[in-house]
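Worth knowing before you read on, the calculation uses all heavy atoms, side chains too, and leaves out hydrogens, waters and symmetry mates.
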Amino acid sequence: MTELLTFTDTRVMRAIQLIWKEAAVLDAKDYPAWEEMFTDDGLYVIPIDPDTDDFAASLNMVYDDKRMRQLRVQRMMQGYAPSAVAAARTVRIVSRFTVEEISDDAVVIKSAQILNAFKRNSFSTIGAEMTHRIEFTGSDDNGAGDKIALKVARLIDSEDAVSASGFLL
């Protein structure tokens with residue numbers, strides 16, 4: 001019952017709103033805006049091992065700090081990059097939020113994401129268990145200035161072969 005009470009906490013609602021905004025920004029392919037949603041020391045990780053929490057010592061599909069996110073955004077926006085040519089149209093559904101941690105300056109939330117993509121006359125669906133650490137940098141309850149300090153996308157098929165996707169998770 002206490003977990004349900006956390007959804008009345010304004011910090012939790014601010015974090016969920018930022019996660020939904022991130023999904024909308026990615027579906028709109030506004031990659032520069034997405035990159036700006038992260039803290040300067042924020043990480044974007046897609047691990048291969050579904051159980052690891054030691055991302056620095058594990059093999060990952062993606063392990064991006066600020067510099068690598070910027071390079072990834074540049075590749076996504078350049079017309080000659082394979083990921084940018086006929087980039088997939090996507091629709092994300094993010095739901096099943098569970099609150100892992102709450103403090104005065106951050107919330108850790110897990111969720112489920114279903115991403116539907118359409119590229120080159122083909123549909124694909126990708127499922128992932130998500131973890132976001134949202135840091136509150138804004139001074140009010142409207143969430144302005146809140147940032148993603150950690151985003152982990154644990155693909156449900158992470159241990160299988162993964163083809164080039166043409167979108168960010």
Side-chain angles (χ1 to χ4, degrees), residues 1-70 72-73 76 90-117 125-159 165 167-169:
M1 184 65 175
T2 56
E3 185 174 310
L4 293 176
L5 295 176
T6 60
F7 288 100
T8 61
D9 188 307
T10 57
R11 296 168 295 182
V12 172
M13 294 313 301
R14 283 170 60 180
I16 290 171
Q17 288 171 344
L18 185 61
I19 293 166
W20 281 336
K21 178 181 177 182
E22 179 200 22
V25 164
L26 285 171
D27 285 341
K29 298 182 186 73
D30 189 353
Y31 304 123
W34 173 77
E35 206 285 317
E36 289 297 316
M37 294 178 80
F38 282 81
T39 61
D40 284 342
D41 61 347
L43 292 175
Y44 167 48
V45 183
I46 304 175
I48 292 174
D49 179 351
D51 300 317
T52 190
D53 287 319
D54 187 359
F55 308 118
S58 301
L59 183 60
N60 301 288
M61 286 180 248
V62 171
Y63 184 78
D64 287 0
D65 59 8
K66 182 176 183 169
R67 179 180 163 277
M68 290 304 296
R69 278 193 317 275
Q70 289 172 337
R72 190 172 304 279
V73 164
M76 293 298 293
T90 60
V91 174
R92 290 164 175 77
I93 301 167
V94 185
S95 188
R96 202 193 72 213
F97 294 100
T98 56
V99 180
E100 298 293 308
E101 296 175 32
I102 301 176
S103 70
D104 288 341
D105 37 354
V107 170
V108 176
I109 292 186
K110 291 190 175 185
S111 62
Q113 175 178 272
I114 300 295
L115 186 147
N116 295 295
T125 300
I126 297 173
E129 299 281 343
M130 308 297 291
T131 303
H132 282 85
R133 177 179 167 81
I134 306 299
E135 291 187 357
F136 305 123
T137 57
S139 59
D140 54 28
D141 285 340
N142 71 8
D146 294 348
K147 300 272 187 171
I148 301 167
L150 174 67
K151 176 183 180 177
V152 180
R154 296 177 191 277
L155 300 177
I156 60 174
D157 61 349
S158 65
E159 295 175 301
S165 57
F167 51 81
L168 299 174
L169 293 173

Evaluation steps, side-chain contact (heavy atoms from CB on, under 4.5 Å), between Thr90 and Leu26: CA-CA 8 Å; Thr90 60; Leu26 285 171; 5.8 Å; no

Heavy-atom side-chain proximity of [X] to [Y] below 4.5 angstrom:
X      : Y      : answer
Ile148 : Arg133 : no
Val152 : Met130 : no
Met68  : Tyr63  : no
Arg69  : Trp34  : yes
Asn60  : Ile48  : no
Ile93  : Gln113 : no
Phe97  : Val12  : no

Working for side-chain contact (heavy atoms from CB on, under 4.5 Å), residues Asp9 and Ile102: CA-CA 9 Å; Asp9 188 307; Ile102 301 176; 4.2 Å; yes

side-chain hydrogen bond (donor to acceptor under 3.5 Å, both in side chains) evaluation trace for Thr39 with Asp41: CA-CA 5 Å; Thr39 61; Asp41 61 347; 2.9 Å; yes

Would you compute the distance between atom [atom1] of [X] and atom [atom2] of [Y] and round it to the nearest 0.5 angstrom?
X      : Y      : atom1 : atom2 : value
Thr125 : Asn116 : OG1   : CG    : 4.0 Å
Asp27  : Leu115 : CG    : CG    : 7.0 Å
Gln17  : Ile134 : CD    : CD1   : 11.5 Å
Ile19  : Lys21  : CD1   : NZ    : 13.0 Å

Sidechain N-carboxylate O distance under 4.0 Å for Arg14, Asp146: yes

Presence of salt bridge, Glu129 and Arg96, under 4.0 angstrom: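 Salt bridge present between Arg96 and Glu129.
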
Provide the closest heavy-atom pair for [X] versus [Y] in the form atom of the first, atom of the second, distance.
X      : Y      : answer
Ser95  : Ser111 : O-CB, 3.3 Å
Ile109 : Ala15  : CD1-CB, 3.6 Å
Asp49  : Arg154 : O-NH1, 3.9 Å
Pro47  : Thr52  : CB-CG2, 3.9 Å

Worked verdict on Phe7 versus Val99 for side-chain contact (heavy atoms from CB on, under 4.5 Å): CA-CA 8 Å; Phe7 288 100; Val99 180; 4.3 Å; yes

Aromatic Phe136 / basic Arg11 pairing, under 6.0 angstrom, 45° off normal: no

Verdict with supporting geometry, Tyr44 and Asp65, side-chain contact (heavy atoms from CB on, under 4.5 Å): CA-CA 7 Å; Tyr44 167 48; Asp65 59 8; over 6 Å; no

Passing option when Glu22 is tested against Lys151, Arg92, Lys147 for salt bridge (charged side-chain N to carboxylate O under 4.0 Å, His left out): Lys151

Side chains of Ser103 and Asp105, donor plus acceptor under 3.5 Å: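 The criterion, which ignores hydrogens and geometry beyond distance, is satisfied for Asp105 and Ser103.
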
